[in-house]
Structure formats: C-alpha cells, structure tokens
Amino acid sequence: MFTPAELLEINTLLTPENKIVILTHYNPDGDAIGSSLGLKHYLRAKGIFAEVIVPNDFPKFLKWMPEAKKVIIAEYKRKVAADMIAAADVIFCLDFNSPSRIGLLGDWLVKAQGKKILIDHHQQPEPFDFVYSDTVIPATSQMIYHFIEAMNDEKLVNLDMAECMYTGIMTDTGGFRFRSTSATTHRIIANLIEKGADPAMITSNTWDTNTVSRLHLLALVLGRIEVVNDGRVAILSLTRNELKEFGFQKGDTEGFVNYGLSIAGVKMSAFFMEDLYEDFIKISFRSKDDVDVNQFSRKYFNGGGHINAAGGKSMDSLPGTIEIFKARLIEENL
Ligand SMILES: [Mn+2]
C-alpha cells in the first residue's frame, strides 16, 4: 500500500478541480476494465469526475459493466485521448506497470506532466510518482478495494463499484481458482456481494457469452492440442486463415490456453496464434506451481506478466515459433 504520507498527498490531489484520467493496458481484460471503472465510480462517490482511457477496444462481454460504454478508446478517438492525458493533473495507471504496455498511450504518458499514480500487480514495475505494486494480489481490482479501505472510504462502496471490482477479481482469478486467491480475496468478494454484486448475473454476463462460431473455433484448437515433455506441457495453436474462416471477434480466443492446463499432469500450457493483421505470433502462457512463465517469456519471447500467466511475442513463423519453444523447454528442463 502507499505510505500514510503518500495517501495524504494523493488525497490532496483528488479534488473536483483537478483533471483526472485513468489509464489501463492494451487489449483490456476484465481486471483492466473492472479496476478502472471501479476507481472511476469510487471517485464519483467522492464528488470527483474522472475519465477512463484505454489504448484499443475491448471485448463485448465486458461492455455490460456500469459506464463501460463511456470508456474512451484511443484508437477511435486519438486526439481527444491525447489532449486529455496532456491536460491531466492526475493520471492513474492501473493493471500495467510500464508505458510499453499501453500501446499508443505510452508516448503520451511519458510526456504528460500530471502526477502518475500506479496501482498494479505485475512483476518489475517501472518508476511512477506514487507506486502501489504487489505481485501477490491476484487482481488490480482487489488493490482498488484496498486503496479505498486505506482512504477510509469503505462506506462509499456502492453497487456500480461492487459490480466492476467483482468482475475484475473474478476474471483475473479464473473464477476464484488461481494460486493467489486468498481468504482476503474472498472477504472482499463477500463485501461486494453485500453491496449488491450478483454473482450469477456477473458470471452469466461475462462468461456465458459464447457464439456458435467461437465454439467451433475452440473445437478446432482442442482437436489438435499437443502434449509434450512427458505430459507436462500442452501446446495449442491457431492460424490467421482459421481465425478468418470462423469470423474471429476480439476476445474469442480468451481462455483457450486454460484448456491445456486442465489436462491432468500438465504444468504449463502455451497458446500460439498468428496475429490477424500483422506478421507476428501472439503467445499466451499459463502454468501451475513454481513453473515461472514470466521469466520464461521474458527470456525467450519478448514478454512477461505473472509467475503463472504471461504473454509473449515471436517474429518467426507459427511452425518455427513452436519448434523454438520446444527447444527452449528442453534447455530449461521444463
Ligand atoms: Mn490484472
């Protein structure tokens, strides 16, 4: 948490006169949008207006959240977004810790004069004016709750805030299953339910959103899942042509990588996908226990993230990337 002195200073910055923006990462996920909107609604409850700005569009299954449709998407509104960041007195940076993770917002953030406040749970944060970084907490949305507690404002938590933070925690913990899900996480979830968050409604709005074409795409991926290294590593893949054939929509492949981890004995799952427009391979890694995919991806695939969940990128072909991956697995004894 921020120090008491920092909290006091942040408190003096949070006034209705100050211009406040909230930024989150490229390809926003449930925690990115949930934490950003949760914070926006919290500030609103204090009588302070803030705008949420994201680099690019996010999946439809997150747009039911209160005020999700008011989020400013910089790829569609470049000038509006750039001007707001330049004019901001306070810039909250949520669920990322390096300007390199926020696409076109990165340059604007670096040049901006406003006070930069980081709240994030990824590894190895870069410097910001105020830093609340904790890699053990499973979701930035949970950190927003801790921030509200530290500000002595728990009484302000309302339904809008509760729905957003619940969604962020639920999605980043894979439905309260992943390793850093703690008793504290569940206590906060209980509080959010008491404020009106409806688990059945939130789960259904967020996860029961398959289309037939997405299930066909999933069937294709599952049909050729490969398990290597004595059953410890699962490999999944998709080509650009397949994405096109099945009418790929943003978010359609979200969660595919987790199917690899659901195989008994598998400790690491990797999903390789050709980007729809550009010539690179997008990689998602998931792992269990001490298998550190953050380090692995940083070392070999220009990426990073968390110990058990990380992203990466390769400029090789799809088959070439998978061959390199298999060779690295042997080198690293995975
Ligand atoms: Mn997160």
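For reference, positions follow the sequence shown, starting with 1. Atom set for the values below is all heavy atoms of this structure, side chains included, hydrogens, waters and symmetry mates excluded. Indexing begins at 1, ligand by ligand and atom by atom, following the structure's order.
- None of the N, O or S atoms belonging to D120 lies under 2.8 Å away from the Mn ion (ligand 1).
- Ion pairing between a basic and an acidic side chain is recognised when a charged N comes within 4.0 Å of a carboxylate O; R240 and D279 show such pairing.
- Remark: E51 does not engage K77 in a salt bridge, criterion side-chain N to carboxylate O under 4.0 Å.
- Taking the charged nitrogens against the carboxylate oxygens, R179 and D290 do have a contact shorter than 4.0 Å, which makes a salt bridge.
- D95 contributes atom OD1 as its closest N/O/S atom to the Mn ion (ligand 1).
- At a cut-off of 2.8 Å, H122 is not counted among the residues with an N, O or S atom near the Mn ion (ligand 1).
- R328 CZ: more than 12 foreign heavy atoms inside a 6.0 Å radius.
- Between OD2 of D31 and NE2 of H121, the angle at the Mn ion (ligand 1) works out to 100°, rounded to 10 degrees.
- Judged by distance alone, the side chains of R298 and N294 do bring a donor and an acceptor atom under 3.5 Å apart.
- D29 lies apart from the Mn ion (ligand 1) in this respect, since none of its N, O or S atoms is found at a distance under 2.8 Å.
- The Mn ion (ligand 1) lies closest to atom OD2 when only the N/O/S atoms of D172 are considered.
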